[in-house]
K.L.:
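One structure coming up, written as structure tokens, with questions to follow.
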Amino acid sequence: MIRLRAMPGTVTAVDREWQARARRLTLDSIYDVRAVAGRWAATIGSLTGLLSLVALVAGPRAVDQLPVGWRIVTGVCVLAAIGCAGLATWWAAEAAQGSIGSALSTYAQVRDRFREQERTAVALLRRARILVVAAMSALVLGIALTWFVPKPETTDYLLVRRGSAVSCIPLKDGLALSLAIDAASTVTVVKRCPAG
């Protein structure tokens, strides 16, 4: 119980009101922490869902264009983001809901258990916030890699040889091409046109 110490002067009604308010805050602090943790868990879910949607819509096509090494780095970033966001959500939910404990019989045990749960909830919420920052950083890094890593040349060419004459035609997505060739010509799809 919180008690006011005697000070010079008299204890006023306002002093007593502040004493009652401090007592209520002390007794209800775990509920306040749990309410904040519940809202934080919802925020984590919203942020993760939004950035995951962006990654899902733009990701596969963009990642397929990266060189293999950068694809692996991007995949590791996305997996780290998923893992951190999942663990952060778990910890925030645990902070919001508390844990199951045994039945307590004395006021001192109840008080100590409430204080312990409050400390645990605050620690879990702090860890969850740190993991959210890590998750969002990893996801943003993964998306940035798909935007800024140079893409290798992916254009294929149709190489047509007729005797010593060589023609090279770039093939683009959706290109309709029709050729009439004779027995003396060869047609090959290549990654690079020969110089000459």
Side-chain angles (χ1 to χ4, degrees), residues 2 21-156 173-174 191:
I2 300 172
R21 196 173 286 184
R23 186 170 189 271
R24 280 193 307 272
L25 286 173
T26 301
L27 292 175
D28 295 339
S29 62
I30 189 159
Y31 303 114
D32 296 337
V33 170
R34 285 186 176 161
V36 169
R39 290 190 301 271
W40 188 250
T43 302
I44 293 168
S46 299
L47 286 173
T48 304
L50 177 66
L51 287 177
S52 296
L53 182 63
V54 169
L56 181 66
V57 170
R61 176 176 245 167
V63 171
D64 285 346
Q65 298 173 3
L66 293 176
V68 175
W70 287 111
R71 248 188 253 174
I72 292 169
V73 171
T74 303
V76 167
C77 286
V78 171
L79 287 175
I82 291 168
C84 287
L87 190 56
T89 303
W90 178 269
W91 282 345
E94 189 175 338
Q97 297 166 11
S99 60
I100 297 173
S102 61
L104 304 172
S105 59
T106 68
Y107 78 92
Q109 289 174 328
V110 171
R111 181 194 61 218
D112 293 344
R113 181 73 174 144
F114 263 67
R115 287 179 180 166
E116 176 190 334
Q117 284 185 359
E118 180 183 3
R119 282 190 301 273
T120 301
V122 168
L124 286 171
L125 187 56
R126 188 174 296 124
R127 287 185 211 149
R129 287 178 172 177
I130 290 168
L131 279 179
V132 166
V133 171
M136 294 303 125
S137 299
L139 198 52
V140 167
L141 178 61
I143 291 169
L145 287 173
T146 64
W147 290 350
F148 299 116
V149 168
K151 310 316 186 263
E153 183 65 36
T154 58
T155 304
D156 289 333
D173 288 340
K191 293 286 182 193

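As the structure is a prediction and not an experimental result, all values here were calculated from the model.
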K.L.:
Looking only at non-hydrogen atoms, find the nearest pair between A121 and A95 and report the distance.
P.N.:
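A121 and A95 have their closest heavy atoms at O-CB, 3.5 Å.
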
K.L.:
Once you round to the nearest 0.5 Å, how far does CG of L141 lie from OG1 of T74?
P.N.:
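Atom-to-atom, L141:CG and T74:OG1 are 7.5 Å apart.
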
K.L.:
Please list, chain by chain and in numerical order, all residues satisfying side chain to side chain contact (heavy atoms under 4.5 Å, CB included) with A135, sequence neighbours excluded.
P.N.:
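Once residues adjacent in sequence are excluded, the partners of A135 under the side chain to side chain contact (heavy atoms under 4.5 Å, CB included) criterion are C84, A85.
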
K.L.:
So, using side chain to side chain contact (heavy atoms under 4.5 Å, CB included) as the criterion, who are the partners of V36 when residues are at least two apart?
P.N.:
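Testing V36 for side chain to side chain contact (heavy atoms under 4.5 Å, CB included), a comparison that skips the adjacent residues, returns R39, L125, R129.
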
K.L.:
Out of curiosity, W91 CH2 to I130 CD1, how far, rounded to the nearest 0.5 Å?
P.N.:
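Rounded to the nearest 0.5 Å, the CH2-CD1 separation comes to 9.0 Å.
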
K.L.:
Taking only residues two or more places apart in sequence or in another chain, which ones pass side chain to side chain contact (heavy atoms under 4.5 Å, CB included) with L79?
P.N.:
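Testing L79 for side chain to side chain contact (heavy atoms under 4.5 Å, CB included), a comparison that skips the adjacent residues, returns none.
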
K.L.:
To the closest 0.5 Å, what do you measure between CG (L145) and CD1 (I72)?
P.N.:
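Result: 12.5 Å between the selected atoms.
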
K.L.:
For residues A37 and A92, report the shortest heavy-atom separation together with the two atoms involved.
P.N.:
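Minimum heavy-atom contact is CB-O, 3.6 Å.
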
